2 protein chains.
Amino acid sequence: MARLKVEDFAPIFYPKSVAVIGASPDLEKFGGRVVMALKVFGYKGKLYPVNPQEKEIFGLKAYPSINDIPGPVELAAIGIPARGVPAALRQCLARGVKAAEIFSSGFAETGQEEGRRLETELGEIARDGMRIVGPNCFGVYCPAGGLTILPGADFPKESGPVAFMAQSGGFAGRIGQVARGWGIRFSKMVSYGNACDINEVDLLEYFAQDPETRIILSYIEGVKDGPRFVDAVRRTSQIKPVVVWKAGLTKAGSRAVSSHTASLGGEERVWEAFFKQSGAIRANNMADLLDTAVAFLNLPPSPGTRMGLVGGGGGLGAEASDVCERAGLSVPLLTPQSLDKLRAIIPGAGTSIQNPVDVGSPIPSAKLLRSALEVVAADPNVDTIVLNQFNLFGWRPVPTPYSKEDEQRGQELREVPVDFKKTFAKPVIVVEPLFPKDIEMLHIEKENRLTRDRCLQAGIPVFPDLERAIKAYANIIDFYRKAGSPHAA
Amino acid sequence: MARLKVEDFAPIFYPKSVAVIGASPDLEKFGGRVVMALKVFGYKGKLYPVNPQEKEIFGLKAYPSINDIPGPVELAAIGIPARGVPAALRQCLARGVKAAEIFSSGFAETGQEEGRRLETELGEIARDGMRIVGPNCFGVYCPAGGLTILPGADFPKESGPVAFMAQSGGFAGRIGQVARGWGIRFSKMVSYGNACDINEVDLLEYFAQDPETRIILSYIEGVKDGPRFVDAVRRTSQIKPVVVWKAGLTKAGSRAVSSHTASLGGEERVWEAFFKQSGAIRANNMADLLDTAVAFLNLPPSPGTRMGLVGGGGGLGAEASDVCERAGLSVPLLTPQSLDKLRAIIPGAGTSIQNPVDVGSPIPSAKLLRSALEVVAADPNVDTIVLNQFNLFGWRPVPTPYSKEDEQRGQELREVPVDFKKTFAKPVIVVEPLFPKDIEMLHIEKENRLTRDRCLQAGIPVFPDLERAIKAYANIIDFYRKAGSPHAA
């Protein structure tokens, strides 16, 4: 049984009114940034800045105290110094406020007696009937509720099926920023800091039931109740992928998480066992979280392990073969019929089309690429196609500014995987390097991003390099195997 | 004893005249691209296009045959179909041409009898007195000689201390493009394909002696003579770092390298032993090659293993600690004196400054960052400082266009590590995420690249993420340990 009911989260994700305790006209202060972030993001409910010194903050009427606010308040967003937080929360509780997000730091993470005592008080207030996110966090992003985290003023307003719970506010901010370009949209994101009340298990149990959430990502520094966490992950993994990035596994990392969110890091071997037994998908960094989300969002359940690699360049093919095989995927020989067809399409092809299929040029014509993909799609030995290094503007014989002709060529090439996806049932993955180059080459990267965006819109997963693509792909295969999904091959 | 003398390479790297056999006015053909690439890159010697049908190619007088060229020819660049290559080479040999680079494919890599026979002929011609690069390659880039590889028209004209030998032309092209932005400049780059004559050992022995080369990077599909290669790497590694990316270690990869450059992949465990015994630095992809070069170019010999991590954000610090400790580096506690000083500088700092040092904001003021760095620089427990996620424009409370004020702030912050480097002997590493975001955010990335370029100009190594930074750093520590350098701590 979950500790909290789904309804308990309503004032956290969909509050009809928010009071900002410690609101400020100063954008250097958290209390200023909260108001601005909610305003810019477009919170639609009642927004009440609370500050005894101000009449108005960013065009909104300010109130001297929570008690001066005319209507009901569902969520309090708190940015005042730590020692004032318990009293402010008690006032909120008395006023009927159901939930709070506490941005302030200065609690147990300080390692000081006073901070620990203050945090204990927060826990007591929670038990008296208030749900608390934080302290020492960046709060909640829920586009459907019109809420955003502290650094989330420009986060997307559209919702999506990905949930993210992060003990680090910085990572929540960063993933929101980066995920935009990768077509990842969120149902909810919660930066929950020290977790004095709502913790990783509560959130997981909520996300498991949340119909808006299909994929759960997490960054965790420490868990409050190990057995309950393992149990929650195991149950949730039967129905939704749970991706866990656990930090603080080394001695130095453990010390760092302790001073960050007062968490116990935990031993590496305990967590190794956790990943083996719980069904969680392991992530080691931000890229793993993003890539796994891209894979689940854009690939069918239980795809196969036999990869067909298509690209321009033999070195690329050698690298790709090593990467696939190391990840437990196979790169089978194509059938003799396919080889004959490819030899008719690709000039001068010898054995370089057996799989990987070297299309002979890093920038093939759209016609050639289209025909080659169709042959591989028809080959019975291949489950999934990887279009490797789909780098439209990688190599130009003369370095001149892009012409209309170049642009047109790029557009044509860009439609090849999109048309393929419409016509064939076989999944296709695009690998497009977005390797940071020098400033003068930003226009090339812009073209590459247009391709990325076009593919993602069409439901084709795109990754910035092959290793990341294959790791994410292997993750989804592994998930459906363990979950014993009805889709499993 | 090296098989070839240093002088043998003079016509390959510094030819006074080049004949392009198979020159063409068609840029879709290799013979067209070669002439254009050399012309655009600015080859200063005599350039002779050879084509019986053309009078002029890209403004250069064309010659019907090699025998019609008036002066001496040192290097032949060959782009005609495979079966014509031996006869053309014989003509060149008779004409006194010393060396050739053969772009044409259709040799042993086809797996066909005819291709193998043709390649055997090339070997015989080489033994008769001609040095050959290739076939099935993109040739030679040597800025001091005015030469560039097929896709290298826009490669930098300045030389640098990095040599790259690559059995893949595609990777040579790609590294040249990407390396620009990372401040890496090359002495020589050789795409050597099937290696019918000049192979990895010849090149290694040359680079070992080449005074223009300090760091050797390689992408290898197969070696012709294992024991000789191991011996050459072992000897060279005593004086210069040799970074080896070996492809074709899995079954599928081995098949791919065989059809790419007719190489034998080799067993993974044999190569494991090679990396343990030879002193070579192992790379697994393009990023490893680039990062290791950046580290060697910008760090002193034998830096220490005690890292001081400075950044804005607790999650970041936890991740960084794990990454360092897993790489065998330590993140020691700062001295009580340092902690006192940091507490006076960073508002509200509790234990979050023990190391990692959380400066409290992802975008601290230049003044705060400068002071914090100085404290860590003075701490006797720290050898090297990592300025982690130096992301100037990561989080803005209001998403507005950049103002003059923002620009100025960015410029100030950018000078902090640069000034630090001028004042303190302790090495500093900058980690600046260049995570590909969406198209509207390209201007943020432009700002980040300005920072990257400014730091690299000042001799400060920059990496796009912490894992890559630490991996490269660990590589250089390992190199000096094994080489038993006189600088070793």
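Bear in mind the structure is a predicted one, so any value in this text is a computation, not a measurement. Order of the sequence lines fixes the chain letters, A, B, ..., with proteins taken first and strands second; residue numbering starts at 1 for each chain.
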Choice from B:A252, B:A82, B:S168, B:A166 maximising heavy atom contacts with chain A below 4.5 Å: B:A252

So which part of A:D322 gets closer than 4.5 Å to some heavy atom of chain B, the side chain, the backbone, both or neither? both

Using a cut-off of under 4.5 Å for heavy-atom pairs, which of B:G317, B:G170, B:A318 has the most such pairs with chain A? B:A318

Check ion pair B:E109-B:R116 (N to O, under 4.0 angstrom): no

Those residues at least two apart in sequence (or on a different chain) that pass side chain to side chain donor-acceptor pair (under 3.5 Å) with B:E221 are B:Y219, B:H260, B:T261

Counting heavy-atom pairs under 4.5 Å with chain A, which one of B:G111, B:G248, B:A320 comes out on top? B:G248

Under 4.5 Å from any heavy atom of chain A - which part of B:E467: side chain

SG/B:C137 to CZ/B:F107 distance, rounded to the nearest 0.5 angstrom? 10.0 Å

With chain A as the partner, which of B:L249, B:D453, B:V257, B:N136 has the greatest number of non-hydrogen pairs under 4.5 Å? B:L249

Using non-hydrogen atoms only, which part of B:P332 is less than 4.5 Å away from chain A: side chain, backbone, both, or neither? backbone

What part of B:D465 lies closer than 4.5 angstrom to a heavy atom of chain A: side chain, backbone, both or neither? neither

Could you work out, with side chain to side chain donor-acceptor pair (under 3.5 Å) as the rule, every residue matching B:E325, not counting sequence neighbours? none

Let me know if B:K251 has heavy atoms under 4.5 Å from chain A in its side chain, its backbone, both or neither. both

Heavy-atom cut-off 4.5 Å, strictly under: side chain, backbone, both or neither for A:L450 against chain B? both

For the residue pair A:W182 and A:F463, is the inter-centroid distance of their aromatic rings smaller than 6.0 Å? no

Candidate list A:V357, A:L466, A:V359, test side chain to side chain contact (heavy atoms under 4.5 Å, CB included), partner A:N388, passing option: A:L466

Part of B:L333 lying under 4.5 Å from any heavy atom of chain A: both

For B:L309, is it the side chain, the backbone, both, or neither that has a heavy atom closer than 4.5 Å to a heavy atom of chain A? neither

